[in-house]
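Below you'll find the structure, written out as structure tokens, and then a few comments.
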Amino acid sequence: QVQLQEQGGASVEAGGTLRISCKASGRAFNSDTMGWFRQVPGEERKFVAAISGNGENTLYADSVKGRFTVSRNNAENALGLQMTRLKPEDTALYFCAARRGMGLNNAIETYVYWGQGTQVTVSS
């Protein structure tokens, strides 16, 4: 059974830094693009960042570009998201996701595997 488990969500002050991570089990994802999405209650889930299977290529939403860094450790089947200069509008439930194949993609419908989410709250 494939599982993605996020951890590291917390409450931080604006301007702060936080790193969240995701551990995959049940399947190796070293050939697949993985990504992060986030969702605020009452709104649709939105793309944040993605990283190719070999970790060489990344893609970011404009709203987080220059502040967030996505990374992966294929030996540990793990994904990370380093978030800096956090803003109140970054407050959301953050989801780890994986799609089949190496192509970078921000389309939510192409991601097959999902975690349960970890809450990030940024206070002003």
key: Joint hydrophobic cluster, V120 plus F47, side-chain heavy atoms closer than 4.5 Å   = no
message = Would Y111 and F37 count as a ring-ring contact (aromatic ring centres under 6.0 Å, His included) here? Give the steps.
response = CA-CA 10 Å; Y111 286 79; F37 290 76; 5.0 Å; yes
request  = Measure from NZ or CZ of R38 to the centre of the six-membered ring of F95, then state whether that distance is under 6.0 Å and the direction lies within 45° of the axis.
outcome  = no
query = Do N77 side-chain atoms and R27 backbone N/O form a donor-acceptor pair below 3.5 Å?
reply = yes
task = Please check if the side chain of W36 supplies one atom and the backbone of G80 the other of a donor-acceptor pair under 3.5 Å.
result = yes
query = Do side-chain atoms of T84 reach the backbone of R67 as a donor and acceptor pair under 3.5 angstrom?
reply = yes
message = Between D32 and G53 (side chain of the first, backbone of the second, donor and acceptor by atom type, cut-off under 3.5 Å), is there such a pair?
response = no
query = Going by heavy atoms in the side chains, are Q3 and Q5 under 4.5 Å from each other?
reply = no
key: Spacing of S124 atom OG and E13 atom CD [to the nearest 0.5 Å]   = 9.5 Å
ask   = Is the F29-Y113 ring centre distance short of 6.0 angstrom?
value = yes
Pairwise side-chain contact, I20 with L18, heavy-atom cut-off 4.5 Å (strictly under) = yes
task = Work out which heavy atom in R19 is nearest to a heavy atom in S71; give both atom names and the distance.
result = NH2-OG, 3.6 Å
ask   = Between L86 and T17, is a side-chain contact (heavy atoms from CB on, under 4.5 Å) present by the stated rule, with each step listed?
value = CA-CA 6 Å; L86 281 160; T17 297; 5.7 Å; no
request  = Mark yes or no for whether R85, through its side chain, and G66, through its backbone, hold a donor-acceptor pair below 3.5 Å.
outcome  = yes
ask   = Out of curiosity, Y94 OH to R45 CZ, how far, rounded to the nearest 0.5 Å?
value = 13.0 Å
query = So, are K65 and D62 salt-bridged, with charged N and O less than 4.0 Å apart?
reply = yes
ask   = Given side chains that start at C-beta, do those of N105 and R99 come closer than 4.5 Å, heavy atoms only?
value = yes
ask   = Would you say the side chain of M34 lies within less than 4.5 Å of the side chain of L4, judging by non-hydrogen atoms?
value = yes
message = A side-chain contact here means heavy atoms from C-beta on lying under 4.5 Å apart; do L79 and V70 qualify?
response = yes
inquiry  = I want to check something: taking the side chain as every heavy atom from C-beta on, are T69 and L81 in contact at a cut-off of under 4.5 Å?
reply    = no
inquiry  = As an exercise, state the distance from CG of N74 to OG of S31, rounded to the nearest 0.5 Å.
reply    = 8.0 Å
request  = Would you kindly confirm whether V12 and L93 end up in one hydrophobic cluster when ILVMFWY residues are joined by side chain heavy atoms under 4.5 Å apart?
outcome  = no
request  = Say whether, by atom type as modelled, one donor and one acceptor occur between the side chain of T58 and the main chain of A50 under 3.5 angstrom.
outcome  = no
message = Between T33 (side chain only) and S52 (backbone N and O only), is there a donor and an acceptor less than 3.5 Å apart?
response = no
message = Please determine whether residues W114 and V112 belong to a single hydrophobic cluster, defined as Ile, Leu, Val, Met, Phe, Trp and Tyr linked transitively by side-chain heavy-atom distances below 4.5 Å.
response = no
ask   = Ignoring hydrogens and geometry, is there a side-chain-to-backbone donor-acceptor pair from R72 to E76 under 3.5 Å?
value = no
request  = Using modelled atom types only, decide if a donor and an acceptor are shared between the side chain of E6 and the backbone of Q116 within a distance under 3.5 Å.
outcome  = yes
task = Check whether any side-chain N or O of T91 sits under 3.5 Å from a backbone N or O of V122 as a donor-acceptor pair, and report yes or no.
result = yes
